[in-house]
Colleague: 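Below is a structure I'd like to ask you about.
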Amino acid sequence: SKKKGLSFEEKRVRMMEIFFETKDVFQLKDIEKIAPKEKGITSMSVKEILQSLVDDGMVDTDRIGTSNYFWAFPSKALHVRKRKLEELESQFAESSQKKEALQKSIEKSKIGREDTAERAALIEELAALRQKKEQLKAEIDKYRECDPDVVEEMRQTNKVAKEAANRWTDNIFSIKSWAKRKFGFEESRIDKSFGIPEDFDYID
């Protein structure tokens, strides 16, 4: 069967072993030679793994001249792990406090909400009142057209519509008058051609 490759985390652990076991300082090219041979880490992934360890503060790096050097000592790693543990412990304590506060809040909110006959009756009464409210709202909507504001709004709308209709009536009369002068058409012929009713007139 095909051998399974190393996971990202396994590669990180093995690379840290290179530093801890040798207690030496390396350049990237040195690690790219050592890692595949001694730790089974492919040379192509060395740079990415190394950079992740630098980003996490587990490996130190410095530029001297034109070259970058990398090193990591067990004492530093111990300090990093200790700091990480302290952070996690602090987060855990904070989360525990939040959980306790939420639990107290939940218990407090339950007071007065116990399943009693009185509470059940109040809930039923509330539902009935809500239903009554909806019925009354429907009644109000039914008589809304009698509302003075609504009536006034309808009057204004009708006024605007009437003015617009009479404006178009005016335009039609003007066009009919022009057609009679220009082409000598009879009014009845114009009305018939354009479907204008005989009683066509302004709206009072």
Colleague: Are Ile64 and Phe73 in one and the same hydrophobic cluster, where Ile, Leu, Val, Met, Phe, Trp and Tyr link if side-chain heavy atoms are under 4.5 Å apart?
Modeller: yes
Colleague: For Lys132, which residues count as a side chain to side chain contact (heavy atoms under 4.5 Å, CB included) partner, sequence neighbours excluded?
Modeller: Gln135, Leu136
Colleague: Treat each ILVMFWY residue as a node, draw an edge where side-chain heavy atoms are under 4.5 Å apart, and state whether Val160 and Trp168 are in one component.
Modeller: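 The answer is no; the residues belong to distinct hydrophobic clusters.
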Colleague: Output the distance between atom CD (Glu100) and atom OG (Ser105), rounded to the nearest 0.5 Å.
Modeller: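 Those atoms lie 12.5 Å apart.
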Colleague: Any non-hydrogen side-chain atom of Leu28 less than 4.5 Å from a side-chain atom of Asn68?
Modeller: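 Leu28 vs Asn68: side chains apart.
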Colleague: Can you name the nearest heavy-atom pair linking Met58 to Ala72, along with the distance?
Modeller: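 So the minimum-distance heavy-atom pair works out to O-CB, 3.4 Å.
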Colleague: Under 3.5 Å, side chain of Glu10 to main-chain N/O of Ser7, donor-acceptor pair present?
Modeller: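 Yes.
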Colleague: Show me the donor-acceptor pairs, under 3.5 Å and distance only, between side chains in residues 189-196 and residues at least two apart or in other chains.
Modeller:
{"unit_1": "Asp191", "atom_1": "OD1", "unit_2": "Lys176", "atom_2": "NZ", "d": "2.8"}
{"unit_1": "Ser193", "atom_1": "OG", "unit_2": "Arg189", "atom_2": "O", "d": "2.8"}

Colleague: Begin from the C-alpha positions of Glu163 and Arg167 and carry the test salt bridge (Lys or Arg N to Asp or Glu O under 4.0 Å) through to its verdict.
Modeller: CA-CA 6 Å; Glu163 287 173 356; Arg167 210 163 35 245; 5.2 Å; no
Colleague: Taking side chain to side chain contact (heavy atoms under 4.5 Å, CB included) as the test, write out the residues that go with Glu118, two or more places apart.
Modeller: Thr116, Leu122
Colleague: Can you list the residues that meet the ring-ring contact (aromatic ring centres under 6.0 Å, His included) rule with Trp178, with sequence neighbours excluded?
Modeller: Phe183
Colleague: How far apart are the closest heavy atoms of Ile41 and Lys11, and which atoms are they?
Modeller: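 In terms of heavy atoms, the two residues are closest at CD1-O, 3.5 Å.
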Colleague: Do Thr61 and Phe70 have side chains that approach each other closer than 4.5 Å (heavy atoms only, starting at C-beta)?
Modeller: yes
Colleague: Would you give the length of the straight line joining atom CD1 of Ile34 to atom NZ of Lys29, rounded to the nearest 0.5 angstrom?
Modeller: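 Rounded to the nearest 0.5 Å, the CD1-NZ separation comes out at 12.0 Å.
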Colleague: Please say whether more than 12 non-hydrogen atoms of neighbouring residues, nucleotides or ligands are located less than 6.0 Å from CD in Glu124.
Modeller: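 It does not: Glu124 CD has 12 such atoms or fewer within range.
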Colleague: May I ask you to decide whether Arg130 forms a salt bridge with Glu134, counting only side-chain N to carboxylate O separations under 4.0 Å?
Modeller: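 Looking at Glu134 together with Arg130, the answer is no, because their closest N to O distance does not fall below 4.0 Å.
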Colleague: Between Thr169 (side chain) and Ala165 (backbone), is there a donor-acceptor pair under 3.5 Å?
Modeller: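 Present.
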Colleague: Go through the structure and list residues passing ring-ring contact (aromatic ring centres under 6.0 Å, His included) with Tyr202, not counting sequence neighbours.
Modeller: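 ring-ring contact (aromatic ring centres under 6.0 Å, His included) list for Tyr202, sorted by chain: Phe173.
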Colleague: Give the minimum heavy-atom separation between Gly40 and Leu6, together with the two atoms involved.
Modeller: O-CD1, 3.4 Å
Colleague: Is it the case that over 12 heavy atoms from other parts of the model lie below 6.0 angstrom from the CZ atom of Phe8?
Modeller: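 Yes - once you tally the heavy atoms of other residues, nucleotides and ligands closer than 6.0 Å, there are more than 12.
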Colleague: Run the salt-bridge test on Glu9 and Arg12 with the 4.0 Å N-O cut-off and return the result as yes or no.
Modeller: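 The answer is yes: the pair qualifies as a salt bridge.
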Colleague: Nearest 0.5 Å, please: how far is NZ in Lys182 from CD1 in Ile175?
Modeller: 14.5 Å
Colleague: Identify every side-chain donor-acceptor pair in residues 19-27 under 3.5 Å, counting partners at least two apart or on other chains, and give the distances.
Modeller:
{"unit_1": "Glu21", "atom_1": "OE1", "unit_2": "Lys39", "atom_2": "NZ", "d": "3.3"}
{"unit_1": "Glu21", "atom_1": "OE2", "unit_2": "Lys39", "atom_2": "NZ", "d": "3.3"}
{"unit_1": "Thr22", "atom_1": "OG1", "unit_2": "Ile18", "atom_2": "O", "d": "2.7"}
{"unit_1": "Thr22", "atom_1": "OG1", "unit_2": "Asp24", "atom_2": "N", "d": "3.4"}
{"unit_1": "Lys23", "atom_1": "NZ", "unit_2": "Phe20", "atom_2": "O", "d": "3.4"}
{"unit_1": "Gln27", "atom_1": "NE2", "unit_2": "Ser67", "atom_2": "OG", "d": "3.1"}

Colleague: NZ/Lys180 to CD/Glu186 distance, rounded to the nearest 0.5 angstrom?
Modeller: 10.0 Å
Colleague: If I take atom CG from residue Leu53 and atom CG from residue Asp60, how far apart are they, to the nearest 0.5 angstrom?
Modeller: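 Rounded to the nearest 0.5 Å, the CG-CG separation comes to 11.0 Å.
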